[in-house]
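Below is one structure, written out as structure tokens, with a few remarks after it.
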Amino acid sequence: MLLEGIPMGLCLFPGDGEIDGPDACFSYQEFASFRRRLASGEGFSLDDMQGFGGNALWSDVTTVLEPLLNHPDDHGRNFSSEECRLILPHLEGVLADWMLGPDSNSEIRNQTRELRDLVAVLRVCVQKNVELCFM
């Protein structure tokens, strides 16, 4: 659960107290790139949104992923198990799509791995009814 080998970043993990449980760790740059790709798949540019350099309002976007896409890079609040339950099926579908798509470069392969890790973390959060922690 430590950010070993990742310069200054963010780690997402189940709030179940397990130190050997799954985690999804990102450098801040990786987290930004990961969310940009997710937003693109949802049909909008993250860079157009308020808080990311643009003027578009989050209330104008309809996606179950909004809490993740609009989450601060510097840790922010944790997600409840109910929020995890809502976004998990959508991210499982995205993961299936990404795994079928071309892995034409290392960034795409890394993002697919990061999404696979995040889905594993969310599954634990849902199964154990615990929050998703951002650290």
Considering all heavy atoms of both residues, which atom of [X] and which atom of [Y] are nearest to each other, and what is their separation?
| X | Y | answer |
| --- | --- | --- |
| Glu83 | Asn78 | OE1-O, 4.2 Å |
| Met49 | Leu57 | CE-O, 3.4 Å |
| Val121 | Ala24 | CG2-N, 3.8 Å |
| Pro14 | Pro22 | CD-O, 3.3 Å |
| Leu46 | Ala32 | CD2-O, 4.5 Å |
| Leu69 | Arg35 | O-NH1, 3.2 Å |

If you measure from [atom1] on [X] to [atom2] on [Y], what distance do you get to the nearest 0.5 Å?
| X | Y | atom1 | atom2 | value |
| --- | --- | --- | --- | --- |
| Glu18 | Asp23 | CD | CG | 13.0 Å |
| Leu95 | Leu115 | CG | CG | 4.5 Å |
| Leu12 | Leu132 | CG | CG | 5.0 Å |
| Gln111 | Arg109 | CD | CZ | 11.5 Å |
| Phe79 | His71 | CZ | NE2 | 5.0 Å |
| Asp97 | Leu91 | CG | CG | 11.5 Å |

side-chain hydrogen bond (donor to acceptor under 3.5 Å, both in side chains) with Glu66: which of Thr62, Thr63, Asn70?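 Among the candidates, only Asn70 passes.
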Ring pair (Phe, Tyr, Trp, His ring centres under 6.0 Å) for Phe134 and Phe13? Distances and angles first, verdict last. CA-CA 7 Å; Phe134 290 74; Phe13 57 95; 9.0 Å; no
Do Arg113 and Trp98 form a cation-pi contact, if we require the NZ or CZ to be under 6.0 Å from the six-membered ring centre and within 45 degrees of the ring's axis?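 Checked: cation-pi criterion not met.
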Do Tyr28 and Leu118 belong to the same hydrophobic cluster, where Ile, Leu, Val, Met, Phe, Trp and Tyr are linked whenever their side-chain heavy atoms lie under 4.5 Å apart, directly or via other members?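 Shared cluster, yes.
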Tell me whether Val61 is reachable from Val64 by hopping between hydrophobic residues (I, L, V, M, F, W, Y) whose side-chain heavy atoms are closer than 4.5 Å.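 Same cluster.
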Could you go through Asp16 and Val124, starting from their C-alpha distance and side-chain angles, then the distance that decides it, and tell me whether this counts as side-chain contact (heavy atoms from CB on, under 4.5 Å)? CA-CA 9 Å; Asp16 60 0; Val124 171; 3.8 Å; yes
Should the SG-SG distance of Cys11 and Cys25 be recorded as below 2.5 Å?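 Their SG atoms fall under 2.5 Å; a disulfide, then.
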Under 3.5 Å donor-acceptor, Glu42 side chain and Ala39 backbone: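 No, the answer is negative, given that no donor and acceptor are paired below the 3.5 Å cut-off.
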Is any side-chain N of the basic residue among Arg116 and Glu92 closer than 4.0 Å to the acidic one's carboxylate O?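 Here Arg116 does not pair with Glu92 in a salt bridge, since their nearest N and O are not under 4.0 Å apart.
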I'd like to check [X] versus [Y] (side-chain heavy atoms, cut-off strictly below 4.5 Å). Are they in contact?
| X | Y | answer |
| --- | --- | --- |
| Thr112 | Met99 | yes |
| Asp73 | Leu10 | no |
| Leu38 | Leu68 | yes |
| Asn129 | Arg85 | yes |

Return yes when atom CD of Gln29 has more than 12 non-hydrogen atoms of other residues, nucleotides or ligands closer than 6.0 Å, and no otherwise.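 No, the 6.0 Å shell around CD holds no more than 12 heavy atoms from other groups.
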Could you tell me whether Asn105 atom CG has more than 12 heavy atoms of other residues or ligands within 6.0 Å of it?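 Buried by this count: over 12 neighbours within 6.0 Å.
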Are Glu131 and Ser81 linked by a side-chain donor-acceptor pair shorter than 3.5 Å?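 Their side chains do not contain a donor-acceptor pair, so the 3.5 Å distance test is not met.
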